[in-house]
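Below: one structure, written as structure tokens.
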Protein chains: 2
Amino acid sequence: MNHHFAIDLALVDDHKLFRKGLITLIEHVNPKCKILFEADDGIDLQSKLNPKSLPEILLMDINMPRMNGFETVKWLTENYPSIKVLVVSMVEKEDTIVQMLKLGVRGYLCKDVEPHELGEALASIASKGYYYTDFVTGKLVHTLQNPDTSGAAHHRFSQHEMDFIKLACSELTYVQIADKMCLSPKTIDGYRNSLFEKLEVKSRVGLVLYAVRNNLVSVE
Amino acid sequence: MNHHFAIDLALVDDHKLFRKGLITLIEHVNPKCKILFEADDGIDLQSKLNPKSLPEILLMDINMPRMNGFETVKWLTENYPSIKVLVVSMVEKEDTIVQMLKLGVRGYLCKDVEPHELGEALASIASKGYYYTDFVTGKLVHTLQNPDTSGAAHHRFSQHEMDFIKLACSELTYVQIADKMCLSPKTIDGYRNSLFEKLEVKSRVGLVLYAVRNNLVSVE
DNA sequence: TCTAAATTCAGGGTTTTTCCTCTGCCGTAG
DNA sequence: CTACGGCAGAGGAAAAACCCTGAATTTAGA
């Protein structure tokens with residue numbers, strides 16, 4: 001895969017200090033690495049990617065403004081499938097990791113790993129094409145063994161349902177929500193009941209908590 | 001203050017990769033700095049602080065497991081008031097910054113600043129004792145000018161009120177909450193009404209959202 | 001094309017929430 | 001002693017939320 005002596009890298013992370021630190025660190029643990037460029041987020045990455053000189057490995061954060069890690073990886077697989085992504089995030093949530101693996105990333109590191117592990121990951125991805133730790137495979141296996149128990153099931157919602165959920169996370173009454181959505185209050189009644197059943201909640205408060213926990217609404 | 005040629009530092013951050021990166025970065029931007037030790041969080045810091053050789057400046061994160069930045073800074077001012085704290089966090093929320101400044105930290109940097117600013121901050125704190133950027137003072141001035149508008153007011157709650165709020169963030173009815181708190185439903189009525197007025201919310205959902213936004217309840 | 005599922009809505013009922021006012025109780029500052 | 005504020009609680013009523021069953025329309029699949 002790698003025809004140069006160096007491993008061409010690029011970094012996508014919105015925290016400059018972390019990025020710069022990571023760069024000096026990488027130069028220490030693996031001098032063969034060459035950092036082509038850095039980007040603040042997915043949007044920034046799109047403008048900085050030069051098809052004539054693509055990075056071999058992309059170190060990517062997940063939480064970023066404007067265009068996050070998920071969207072960026074999705075965009076990359078469609079536009080530059082040859083680029084291998086190594087996620088470096090502080091998120092340790094199982095479904096986040098699993099979702100990233102489904103999107104085809106070549107490795108997933110938490111930001112609290114030892115520096116030498118970063119070096120190993122880079123070397124492994126450059127030579128073998130991937131780097132999966134026991135931590136990551138452990139999460140993966142656990143997900144396979146417990147597919148959807150404990151309400152961790154990933155529900156999909158129609159546009160109307162999403163709109164309703166967002167409006168339910170407000171101080172509007174159902175009548176006012178119906179008004180905003182240009183639907184009869186009785187229809188809203190229906191949405192509520194079906195969502196209560198689907199999400200196994202018993203009250204509007206339960207629905208709001210579900211939405212918050214699953215990032216269906218922006219809290220801040 | 002500083003009797004040595006070197007500036008003695010210590011780092012408190014739960015992300016090893018960031019910490020290590022920061023160290024190599026600091027050694028680049030300010031070779032006079034000497035890192036005494038690193039810690040994962042406040043608890044870890046307590047065990048690693050050696051009274052015979054205290055760091056002059058402590059670089060500290062806010063979001064950490066077990067003992068977070070706020071608690072740690074509070075503990076430091078009580079036990080080691082001579083140590084100067086420089087917060088390095090990705091949190092840019094106004095009241096977080098203001099709260100930290102109230103606790104007496106000597107500087108506040110976001111993780112997306114340029115490395116050279118970190119060097120300037122360290123040099124400034126070592127010589128002048130503080131480093132306050134326009135960004136930070138701007139937030140401070142804004143808070144002074146708008147003391148309590150827009151719901152940013154920091155309310156204090158009695159134990160009963162806190163218990164009620166937490167139980168309100170569940171699928172329990174008020175009667176069940178009254179039962180759990182061993183109070184009359186009518187008393188719960190009173191708590192609800194006074195909280196609605198204090199927090200300027202109009203419904204239980206509004207109360208729940210307030211609690212979530214202000215981290216009164218653990219969401220995850 | 002026929003059927004099944006999803007969508008939208010109605011009627012009518014129960015439960016819960018919300019909002020009033022008003023009563024004691026207790027501590028404490030004047 | 002007494003006025004005042006805070007806390008616990010009561011009665012009652014209106015509004016909102018919740019929960020059925022049923023029915024027309026539209027959409028999707030076999």
What is the distance from [atom1] of [X] to [atom2] of [N], rounded to the nearest Å?
{"X": "Phe164(A)", "N": "dA6(C)", "atom1": "CZ", "atom2": "C1'", "result": "17 Å"}
{"X": "Gln159(A)", "N": "dA6(C)", "atom1": "CD", "atom2": "P", "result": "19 Å"}
{"X": "Asp163(A)", "N": "dT7(C)", "atom1": "CG", "atom2": "P", "result": "13 Å"}
{"X": "Ile188(A)", "N": "dC9(C)", "atom1": "CD1", "atom2": "P", "result": "9 Å"}

Could you go through residues 181-190 of chain B and list every donor-acceptor pair under 3.5 Å that involves a side-chain atom there, pairing it with any protein atom two or more places apart or in another chain?
residue, atom, partner, partner atom, Å
Ser184(B), OG, Lys186(B), N, 3.0
Asp189(B), OD1, Arg192(B), NH2, 2.9
Asp189(B), OD2, Arg192(B), NH2, 3.3

- Query: Got a sec, which pairs hit salt bridge (charged side-chain N to carboxylate O under 4.0 Å, His left out) with one end in residues 68-83 of chain A, sequence neighbours left out?
  - Reply: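 Salt bridge (charged side-chain N to carboxylate O under 4.0 Å, His left out) check on residues 68-83 of chain A returns no pairs.
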- Which pairs with one or both residues in residues 208-218 of chain A pass salt bridge (charged side-chain N to carboxylate O under 4.0 Å, His left out), sequence neighbours excluded? none
- Message: Quick one about Asn193(A) and Glu197(A) (side-chain donor to acceptor, distance below 3.5 Å, no hydrogens or angles considered), yes or no?
- Response: no
Is [X] reaching over with its side chain to a backbone N or O of [Y], donor-acceptor style, under 3.5 angstrom?
{"X": "Thr96(A)", "Y": "Glu92(A)", "answer": "no"}
{"X": "Lys48(A)", "Y": "Glu38(A)", "answer": "yes"}
{"X": "Asn50(B)", "Y": "Lys52(B)", "answer": "yes"}

- Quick one: list whatever passes side chain to side chain donor-acceptor pair (under 3.5 Å) with Gln46(A), sequence neighbours left out.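 For Gln46(A), no residue satisfies side chain to side chain donor-acceptor pair (under 3.5 Å) once neighbours in sequence are set aside.
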- For Phe164(B), ring pair (Phe, Tyr, Trp, His ring centres under 6.0 Å) partners two or more places apart: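 Partners of Phe164(B) under the ring pair (Phe, Tyr, Trp, His ring centres under 6.0 Å) test: none.
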- Note on the structure: The contact string for nucleotides 21-29 of chain D, one letter per nucleotide 5' to 3', using protein heavy atoms under 4.0 Å with B, S and - for base, sugar-phosphate only and none, comes out as ---------
- Message: I'd like to compare against my own output: the B/S/- annotation of nucleotides 11-29 of chain C with a strict under-4.0 Å heavy-atom distance to protein.
- Response: BB----SBB----------
Please tabulate, for side-chain N and O atoms in residues 100-111 of chain A, each donor-acceptor pair with protein atoms closer than 3.5 Å (sequence neighbours left out).
residue, atom, partner, partner atom, Å
Arg106(A), NH1, Gly129(A), O, 2.8
Tyr108(A), OH, Val91(A), O, 2.9
Lys111(A), NZ, Asp13(A), OD2, 3.4

Restricting both atoms to N or O, compile the protein contacts to nucleotides 4-8 of chain D shorter than 3.5 Å, with distance only.
residue, atom, partner, partner atom, Å
dA8(D), OP2, Tyr191(B), OH, 2.3

- Five-pair end axes of the helix from dT14(C)-dA17(D) to dG30(C)-dC1(D), angle between them (10°):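 Between the axes fitted at each end of the helix from dT14(C)-dA17(D) to dG30(C)-dC1(D) lies an angle of 10°.
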- Flag the pair Asp40(B) and Arg19(B) as a salt bridge only when some basic side-chain nitrogen lies within less than 4.0 angstrom of an acidic carboxylate oxygen. yes
- Item | Euclidean distance for P, dC18(D) against dC19(C) (whole angstrom) |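 One P to the other, the span is 16 Å.
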Quiz: residues 59-66 of chain A side-chain donor-acceptor pairs under 3.5 angstrom, not counting sequence neighbours:
residue, atom, partner, partner atom, Å
Arg66(A), NE, Asp41(A), OD2, 2.8
Arg66(A), NH2, Asp41(A), OD1, 3.1
Arg66(A), NH2, Asp41(A), OD2, 3.2

- Inter- and intrachain pairs under side-chain hydrogen bond (donor to acceptor under 3.5 Å, both in side chains), touching residues 125-137 of chain B, at least two apart: Glu117(B)-Tyr131(B)
